[in-house]
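Below you'll find the structure, written out as structure tokens, and then a few comments.
Only this structure's heavy atoms are used, side chains among them; waters, hydrogens and symmetry mates stay out. Chain letters run A, B, ... following the sequence lines, proteins first and then strands; every chain starts at 1.
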There are 2 protein chains.
Amino acid sequence: MQTFAYLSHKVTIADIARKLSIAPATVSRALNGHPAISEKTRKLVEKTARKLQYKRNNIASSLRSGKSNLIGVIIPSAEINFFGSVVHGIEKLANEKGYNVLIYQSNESNEQERKGLETFLHARVDGILVSIAKDTTEYDHFLDIREQGIPIVFFDRAKEELDIPAVVVDDFKGGYAATEELLKQGYKRIAHISGPAHMDVFKKRLQGYQAALKAHKIHFDLQLVVEGYVSIGSGQQATEQLMRLPEPPDAIFAVEDFTALGVLKQLKAMGKKVPQDIGVVGFANEMFGEHITPSLTTFDQQTVTMGKEATDLLLQLLDSSSKTIAQQKIMLEPIPVIRESSQRKK
Amino acid sequence: MQTFAYLSHKVTIADIARKLSIAPATVSRALNGHPAISEKTRKLVEKTARKLQYKRNNIASSLRSGKSNLIGVIIPSAEINFFGSVVHGIEKLANEKGYNVLIYQSNESNEQERKGLETFLHARVDGILVSIAKDTTEYDHFLDIREQGIPIVFFDRAKEELDIPAVVVDDFKGGYAATEELLKQGYKRIAHISGPAHMDVFKKRLQGYQAALKAHKIHFDLQLVVEGYVSIGSGQQATEQLMRLPEPPDAIFAVEDFTALGVLKQLKAMGKKVPQDIGVVGFANEMFGEHITPSLTTFDQQTVTMGKEATDLLLQLLDSSSKTIAQQKIMLEPIPVIRESSQRKK
DNA sequence: TTGAAAGCGCTAACAC
DNA sequence: GTGTTAGCGCTTTCAA
């Protein structure tokens, strides 16, 4: 029951074949640049196709070839700038390479993440790109997918133990650099508001923070690390807690920008001046950081590049000919974006 | 050449049928809840399907039924919060109803917008949701799609003349309310930084602005309207121009939040106090507005609702049984979000 | 270099 | 209530 079929008969390769008195197979070959087709036939077919406004039916093509040319992408939330930007990179490369992109938002829920994978299985996507949801602490659903023979690549939120290819930012280095930036500015007692410990991204930033302290021979005070849950409210709460310490910190490295925003809000509410009294550094380079007062020092995660690299990796995996992938793990450099919130000296 | 086909033989309805010694068609019917199938058979088929881990091949199903269960969505940019949020609404409803969502970003370019439509045609989407790109001034590509019999619905950035169903915010009302809010606060000389005049959204906000002035018997001064191009830079530039007037404004209604952000930045650079010296109102309720200083008064566009309504409209269009659509044009109320930037009194 | 024929997995029309 | 048959539009052997 084709809706509106009467309006425009869909032209097929059979139509072209009939018109030219050749076989449909020949038309197909000509249209797909098969080498064993004469230049003359090819031109003729192409011209006729254009004239008849032929459009290849991807669905039929997919059914026959077993390739859908679809890539599924699961992101935690489209409302976070960061992911929107990564998707931009994914789409750009994917479209160039003839793939379409299906998006599914997990909303940080494990259940919805699983649903997304299920949906993608149904849609017969050729490969899947995932940034893991915050609530996900079990990973069997990803392994299931891999067992089905569908390539997966993680981006940003990866899980190392699974041995699934991934494109991430060097979070350890980022955490290290963030801490060092504060030390360089003369802050002495640096706190860290971390994210859920089960997530690699946040764990590594914490490790970077610890390593930087150690390198600078600063005693690691456990009281100065508060585990947050990656949100403005969490940043506010953690800040309150930190500032109530007998020896409060003089700088805070927040695990990402939303948390950092919470920190700034709370400090303002408490009448503390940033960066004079307290230094603040975030992570992710979310858009708002540039526009708030004081502007937020942070680290850029090369979002568009991340999307492209992840797609490129997936495409390699899809290309069965390349059995060996160049690199299973790609680390992007976090790029420091130094702004007011950390600049005590100047 | 099915990659990894050796790893997991894909089970089909034929497998189930064989196992139960019934016809494939019966299996299909049972799985699709066909009424004329006995409860007993249905249960049996369902159980077997589960046991064999059967997954319907959507592609085959699409080819046969002529329905892809795919909805294509074209947005100008995934990096604008507003669109991310609308997509959220679209996805939610679409997924509930068994549709998958393809996303394409036009990046405000007419060429890419056309490419997106072309891509969707190839992918045989059942319907298309579009928010028009800034650079688009000709609309034949949309009409072409409609002629192909593929339903389109616009959201937010619509074009009235085309007579294509749309879900938009009542921009006239919003422009009116924004202006009135400033008047209520005692501002007398209100400027407006508009957007490209060819776009309905911006044109209507301008008309709302003019109507509000008129209603309050305020002379409309053409000098106080500057056409911007919807960006921070544009807001800065326009503000500079406005403030250089012999009689500069004491309030600015910016056509959307990014422009408003530019206004605030420029005013700050000029040493003007907001809202004491000058009042500012934006539009769209972008995330940053809440967090900047001063926080930005703006109008919320009910993004998630917008996405849902647009999808609902499209779904109605797809459901051929309902020849008459309830409403071809849906207007959402802009919701005032009053913050510091406009609050002179208090 | 091209054609004929088969079939991807599913659903719908028509039987019974 | 279920089976039979055909075919969606394409690609891919195999044969010529």
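- Here B/Ile22 lies in heavy-atom contact (under 4.0 Å) with sugar-phosphate atoms only.
- Of the candidate nucleotides C/dT2, C/dC14, C/dC10, C/dC14 has the atom nearest to the side chain of B/Arg29.
- Rounding to whole angstrom units, NZ of residue B/Lys43 and P of D/dG1 are separated by 15 Å.
- Among the heavy atoms of the strands lying under 4.0 Å from B/Ser61 are primed sugar atoms or P, OP1, OP2 only; no base atom is included.
- Between A/Leu31 atom CG and D/dT12 atom P there is a gap of 13 Å when expressed in whole angstrom units.
- What separates NZ of A/Lys10 from C1' of D/dG7 is a distance of 18 Å, to the nearest Å.
- The side chain of A/Ser28 approaches D/dT12 more closely than any other nucleotide in the set D/dT12, D/dG1, C/dA12.
- Distance, A/Arg64 CZ to C/dG7 P: 9 Å, rounded to whole Å.
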Run the salt bridge (Lys or Arg N to Asp or Glu O under 4.0 Å) check on A/Lys43 and A/Glu46 step by step: do they pass?
-> CA-CA 5 Å; A/Lys43 291 253 152 131; A/Glu46 279 173 357; over 6 Å; no

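- Of the candidate nucleotides D/dG1, D/dT11, D/dG3, D/dG3 has the atom lying nearest to any side-chain atom of B/Ala23.
- The nucleotide whose nearest atom lies closest to any side-chain atom of B/Ala25 is, among D/dT4, D/dC10, D/dG1, D/dT4.
- With the nearest nucleotide of DNA chain D identified for both A/Thr26 and B/Ala60, B/Ala60 has the one nearer the 5' end.
- In this structure, B/Leu63 atom CG and C/dG7 atom P are separated by 17 Å, rounded to whole Å.
- Closest to the A/Asn57 side chain, of the nucleotides C/dC10, D/dC10, C/dT1, is D/dC10.
- Remark: P of C/dG9 and CD1 of B/Ile16 are 13 Å apart, rounded to the nearest angstrom.
- Remark: B/Lys55 NZ is packed, more than 12 non-hydrogen atoms of other residues, nucleotides or ligands lying under 6.0 Å away.
- Across all strands shown, A/Ser62 has no heavy atoms under 4.0 Å from either base or sugar-phosphate atoms.
- Separating the CD1 atom of B/Ile13 from the C1' atom of C/dG9 is a distance of 6 Å, rounded to the nearest angstrom.
- Nearest heavy-atom pair, A/Val11 versus A/Tyr54, reported as atom, atom and distance to 0.1 Å: O-CD1, 3.2 Å.
- The distance from atom CG of B/Asn69 to atom P of C/dC10 is 15 Å, rounded to the nearest whole Å.
- Side-chain proximity of B/Arg56 to C/dT11, C/dT2, D/dG9: nearest is C/dT11.
- Looking at heavy atoms from C-beta onward, B/Lys308 lies out of side-chain contact with B/Ile90 at the 4.5 angstrom threshold.
- OP1 and OP2 of D/dG1 both lie 4.0 Å or more from every side-chain N or O belonging to B/Thr41.
- B/Asp200 pairs with exactly one of B/Lys159, B/Lys329, B/Arg157 by the salt bridge (charged side-chain N to carboxylate O under 4.0 Å, His left out) rule, that one being B/Lys159.
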